[in-house]
2 protein chains.
Amino acid sequence: MKIGQATIKDIARELNLSASTISRALKDYPGISDETKKKVKEVAEKLNYRPNAIALSLRKSRSYTIGVIIPEVVHFFFSTVISGIEEVAFSRGYNVILTQTNEKLEREKSSINTMLSNQIDGFMISFSKETSDFDHFSQLLEQNYPIVFFDRVPDLDGAVNVIVDDYQGAYDATKHLIEQGYNTIAHLAGPKNLKICIERERGYRDALKAHQMPIREEFILECADGTPEHSKEITRKLIANFADKPDAIFANNDMVAAGAMMACKEAGLRIPEDVGIVGFSDWQICTLVDPSLSSVYQPGFQIGSKATELLLDMIEKKISADQIQSPVVLNTKLIMRKSSKKRE
Amino acid sequence: MKIGQATIKDIARELNLSASTISRALKDYPGISDETKKKVKEVAEKLNYRPNAIALSLRKSRSYTIGVIIPEVVHFFFSTVISGIEEVAFSRGYNVILTQTNEKLEREKSSINTMLSNQIDGFMISFSKETSDFDHFSQLLEQNYPIVFFDRVPDLDGAVNVIVDDYQGAYDATKHLIEQGYNTIAHLAGPKNLKICIERERGYRDALKAHQMPIREEFILECADGTPEHSKEITRKLIANFADKPDAIFANNDMVAAGAMMACKEAGLRIPEDVGIVGFSDWQICTLVDPSLSSVYQPGFQIGSKATELLLDMIEKKISADQIQSPVVLNTKLIMRKSSKKRE
DNA sequence: TTGTATGCGTTATCAA
DNA sequence: TTGATAACGCATACAA
C-alpha cells in the first residue's frame, strides 16, 4: 500500500500546534516566531512533507497545469513543438497534460472535456484534419478560457494564433530554385483544408509570378496524405506524363520531397543537375538523404516556447488576449543543401 | 474573467434539493426517485455541469493521472512510446503528465517531486544518461508508488521493467550480415552506461562467436553521442586506418548507421556490394536513405502501451508488482532492406 | 426517498 | 504570536 504523504496536520500534531500556524510557518509569513518556524521546518523535513498540489488547486481554483492538444506525437514537427512547450512550462512551474487526437475531431472534443474537468488553466491547441468548424473552440473562447492555437490555427475572432510564415518560406524556396536556373518548377502540395498548405502554395505561385514564369496547373499536384510512398508514385507519373517535364520540385514537406527524390533517381534523373528539389520543415532526414535536401526551416521549438509564454502570460493576467497582435508569425529560413544547388 | 463552472451546489439550489441528492442522482444511485434523477440531469445539462476532477482527486486521494518522465520528446523512439502510452491511458480514462529531463539528473529528480506533489497515481520512467545511481527510484519503490520503467531501466529489486530484446535483435542483425557473406563486421556501439547498448554489443559478439568468427576489438567503436556526424567521422577513420577494412557495419542505432553510410559512400565504397550496413530501431529514415537501410525494428508503440497497461493494472490493484515477471521483454524484428543484401 | 454532517489538504479571515 | 473556523467541490456514513 502506498504510504500516506505527510500533511500539515501531521506536522501540527507532532508539534502541538495548529494547522494554520504550520501553514504560515512554512511560507515564512510574518507574525510567526523564528523559533516556531525553525521547528516546523525541521519536522517538515523529517516527515518529508510535500504540499498537496491537488488541495491547493481546489482551494485556489488554479491547477498550474496547461493542456496541450495535438494531432500526433509521432511527428518530428510536433514533438519539437512539445519540447518547446515543455521547457517554458517547466521553468515557470506549470505542468503539461498532453493528448493527441490522432486527427479525429471526436478525440479533440473529448480531450477538451477531460481537460476542463481537470480545471486546467489554459489550452494550447493544434487542431485535427477532421476539424472544419470551430464551434467547440468558440465556446471556450466565450467562456474566457485562455487558449493559444499554434501551427494549425482557426480563423476566429479573439483567438491567439502562433504560426510560421509559410507563405514567405515557400516564396523563398521557389525563388531560390528560379535563381539556380531551373525553368519549370512543379509543386507537390498538401491537403487543401490546411491553411499552412494553402499558404505554401500561394508563396510558390507568387514567386513564379514575380519572376514572370508561367503557372502551370498540371504541375501542381496534391499529395494529401504526405507519405513518401504516395509522393513517389505521384512524381513517377509527373515525370512520365509530360514531354516537357519539370526540372525542379518544391514539395509541401520533407517526406514528400524525399519521395519525389526517390522517384527521380529511379527515373535516372540526377539531382541537382537534372532536377532540383526543395522540401519544407527541415527535418533531420534532410542531411541523411543523398544528396542532402534543401528545405525551409520551421522553428518548431520556438513555436512551442513562444506560444506557451503567451498562454502563461494570459493565464497570469500579465497580458490579455486582445493586446496580442494575432497571428504571431515566426520566420522560416531557407536551408540550401545539395539537392537544389545547380550553380556553385 | 473565466466564467465559474456550475457545481453540484448550483444544481441543488435550482431544484431545492440537497447536494447529496444531486450527487447520487447524477450517478444513478439506487434510492433516488426516477423523477428526481430526470430533473437533476436536465438541470445539469442546462447548466453545462461538469464534475470537478480536482475535487474528486482530493476526495479519493486518486488523481487518475500518470506521470511520464523521458529524456527527450524529440526522438522518434520516445515519441512513438508516448503515443502508445497516450492511447492506453486515454482509453482507460487517465491523464498523462509529461516531462522531459533533457538527459539531466536534476530535472529527473525535480520532475519526480512535482509529480509527487500533484498526487499522480503512478510513474512511467525512462531515465537520463546522467542517472547512474538509483536511490531516488528506490525511495519511491519503498513508499510503494507504482512505477514502470521502460527502455532505459534500472537494476532494482521490485522494479517493473519493460524492454525490448536488444540482445536478440543485435544477434539477428549480425547473423544476417554473416549469412550474407560479409566477413569482417564492425560494430558502432552506444554509450556504455546504457544497458540497452551493452546488450546490443553482447548480441553482436555472441553472434560472431557462434559462427566461429574472430572478435576484433579494434573494430568495435563507441559512438557515444549517437549523431550521424560523429559516426561519419568515426567511420571515416575506421575505413582509413585498416588495410583489412571491415566489409560490414552493425550500428547501435539508425542515425549512427546513416552516418556510417555517408562515410562509406564518400570513400567510394558501394553499399551493399562492398560494405553491408544494418542499423537499429527501424526509424522512418531507413526507407528514405539510399540504399534503404536494413534495421532492427523496435516496437516503440507497444512498449508504451504494454508499460501503461501494467502500470494501470498495478494502480487499480488488478495485479501487484511482484506478480509481474520483470523484465517484460518485447520482441524485435530484423527488417532486411537493400543496405545489407549482397545476395539476392 | 432525501437530508445532514464530515472529511480530503490547504489557506484566508477573524478572534484571542 | 497563535488558534479556530470556514471554504474550495464532492462523496459517503448515518439519520430521518
Side-chain angles (χ1 to χ4, degrees), chain A residues 1-41 43-44 47-65 114 116-121, chain B residues 1-41 43-44 47-65 93 114-121:
Chain A
M1 212 199 56
K2 194 160 68 184
I3 286 159
Q5 270 297 312
T7 72
I8 280 188
K9 286 186 187 171
D10 297 319
I11 305 178
R13 201 175 310 121
E14 178 122 356
L15 289 171
N16 262 320
L17 287 169
S18 75
S20 15
T21 305
I22 309 299
S23 173
R24 291 181 190 122
L26 286 171
K27 326 196 81 182
D28 279 325
Y29 264 46
I32 298 282
S33 73
D34 285 350
E35 196 195 357
T36 306
K37 280 186 190 170
K38 187 155 153 282
K39 277 193 295 183
V40 168
K41 285 180 184 173
V43 176
L47 297 183
N48 195 17
Y49 170 76
R50 183 174 284 118
N52 183 325
I54 295 285
L56 277 169
S57 295
L58 186 60
R59 186 98 224 293
K60 310 214 164 178
S61 305
R62 294 262 286 101
S63 62
Y64 290 93
T65 299
T114 35
L116 286 174
S117 268
N118 282 280
Q119 316 296 114
I120 57 160
D121 295 339
Chain B
M1 212 200 53
K2 196 161 65 183
I3 286 159
Q5 270 298 313
T7 71
I8 279 189
K9 285 187 188 167
D10 296 320
I11 304 178
R13 200 175 312 119
E14 178 121 357
L15 289 171
N16 264 318
L17 287 169
S18 75
S20 38
T21 305
I22 309 299
S23 173
R24 292 178 188 123
L26 286 171
K27 327 196 79 185
D28 279 327
Y29 264 45
I32 299 283
S33 74
D34 286 350
E35 198 195 356
T36 306
K37 282 186 189 170
K38 187 154 156 281
K39 276 193 294 185
V40 168
K41 287 180 182 172
V43 175
L47 297 182
N48 195 18
Y49 169 77
R50 183 174 285 118
N52 182 324
I54 295 285
L56 277 169
S57 295
L58 187 60
R59 182 87 227 290
K60 309 217 164 180
S61 305
R62 296 261 286 101
S63 63
Y64 290 92
T65 299
T114 32
M115 288 184 177
L116 285 175
S117 267
N118 281 280
Q119 317 296 113
I120 56 159
D121 295 339

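Computed from heavy atoms alone, side chains included, the values below leave out hydrogens, waters and symmetry copies. Letters A, B, ... are given to chains in the order of the sequence lines, protein chains preceding strands, and every chain is numbered from 1.
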In whole angstrom, what separates [X]'s [atom1] from [N]'s [atom2]?
{"X": "A/I22", "N": "D/dT1", "atom1": "CD1", "atom2": "C1'", "result": "13 Å"}
{"X": "B/I54", "N": "D/dA7", "atom1": "CD1", "atom2": "C1'", "result": "16 Å"}
{"X": "A/K39", "N": "D/dT2", "atom1": "NZ", "atom2": "C1'", "result": "12 Å"}
{"X": "A/Q119", "N": "D/dG9", "atom1": "CD", "atom2": "C1'", "result": "9 Å"}
{"X": "A/N16", "N": "D/dT2", "atom1": "CG", "atom2": "P", "result": "13 Å"}
{"X": "A/I11", "N": "C/dG9", "atom1": "CD1", "atom2": "C1'", "result": "12 Å"}
{"X": "A/L26", "N": "D/dT2", "atom1": "CG", "atom2": "P", "result": "13 Å"}
{"X": "B/L58", "N": "C/dT6", "atom1": "CG", "atom2": "P", "result": "18 Å"}

Any donor-acceptor N/O pair under 3.5 Å between [N] base and [X] side chain:
{"X": "A/R59", "N": "D/dG9", "value": "no"}
{"X": "A/R62", "N": "C/dT10", "value": "no"}
{"X": "A/R24", "N": "D/dG3", "value": "yes"}
{"X": "B/S20", "N": "C/dT4", "value": "yes"}

Taking 4.0 angstrom as the limit, do B/D121 and B/K60 come out as a salt bridge?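 Salt bridge flag = no for B/K60 with B/D121.
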With a non-hydrogen cut-off below 4.0 angstrom, is [X] in contact with a base, only sugar-phosphate, or nothing?
{"X": "A/L17", "result": "sugar-phosphate"}
{"X": "A/D10", "result": "nothing"}
{"X": "A/S57", "result": "nothing"}

Could you check B/T7 against B/N52 for side chain to side chain contact (heavy atoms under 4.5 Å, CB included), going step by step and ending with a plain yes or no? CA-CA 8 Å; B/T7 71; B/N52 182 324; over 6 Å; no
Quick check on the helix from C/dT1-D/dA16 to C/dA16-D/dT1: what's the angle between its two end axes, five base pairs per end, to the nearest 10°?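 For the helix from C/dT1-D/dA16 to C/dA16-D/dT1, the axes at opposite ends meet at about 60°.
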[N] phosphate, OP1 or OP2: any side-chain N/O from [X] under 4.0 angstrom?
{"X": "B/T7", "N": "D/dG9", "answer": "no"}
{"X": "A/S61", "N": "D/dC8", "answer": "no"}
{"X": "A/Y29", "N": "C/dA12", "answer": "yes"}
{"X": "B/S18", "N": "C/dT4", "answer": "no"}
{"X": "B/K9", "N": "D/dC8", "answer": "yes"}

When you measure from the side chain of [X], which nucleotide among [options] comes out closest?
{"X": "A/N52", "options": "D/dT12, C/dT10, C/dT1", "answer": "C/dT10"}
{"X": "A/I8", "options": "D/dA11, C/dT10, D/dT1", "answer": "C/dT10"}
{"X": "B/K27", "options": "C/dT10, D/dA11, D/dG9", "answer": "D/dA11"}

Does some side-chain heavy atom of B/Y49 sit less than 4.5 Å from a side-chain heavy atom of B/V43?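 No, every pair of side-chain atoms sits at 4.5 Å or beyond.
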Between the side chain of [X] and the main-chain N/O of [Y], is any donor-acceptor distance below 3.5 Å?
{"X": "B/S117", "Y": "A/A53", "result": "no"}
{"X": "B/S57", "Y": "B/R62", "result": "yes"}
{"X": "A/S63", "Y": "A/Q119", "result": "yes"}

B/T21/B/T36 under side chain to side chain contact (heavy atoms under 4.5 Å, CB included): CA gap, chis, key distance, verdict: CA-CA 9 Å; B/T21 305; B/T36 306; 4.1 Å; yes
Trace of the side chain to side chain contact (heavy atoms under 4.5 Å, CB included) decision for B/L56 with B/Y64: CA-CA 10 Å; B/L56 277 169; B/Y64 290 92; over 6 Å; no
Between B/R50 and A/I32, name the one whose nearest nucleotide on DNA chain D is closer to the 5' end.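 Mapping each residue to its closest nucleotide by heavy atoms, the 5'-most match is A/I32.
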Under the salt bridge (charged side-chain N to carboxylate O under 4.0 Å, His left out) test, residues paired with A/K9 that sit two or more places apart: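 Scan of A/K9 (salt bridge (charged side-chain N to carboxylate O under 4.0 Å, His left out), adjacent residues dropped) gives none.
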Return whichever of B/K60 or B/P30 has its heavy-atom-nearest nucleotide of DNA chain C closer to the 5' end.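 The answer here is B/P30.
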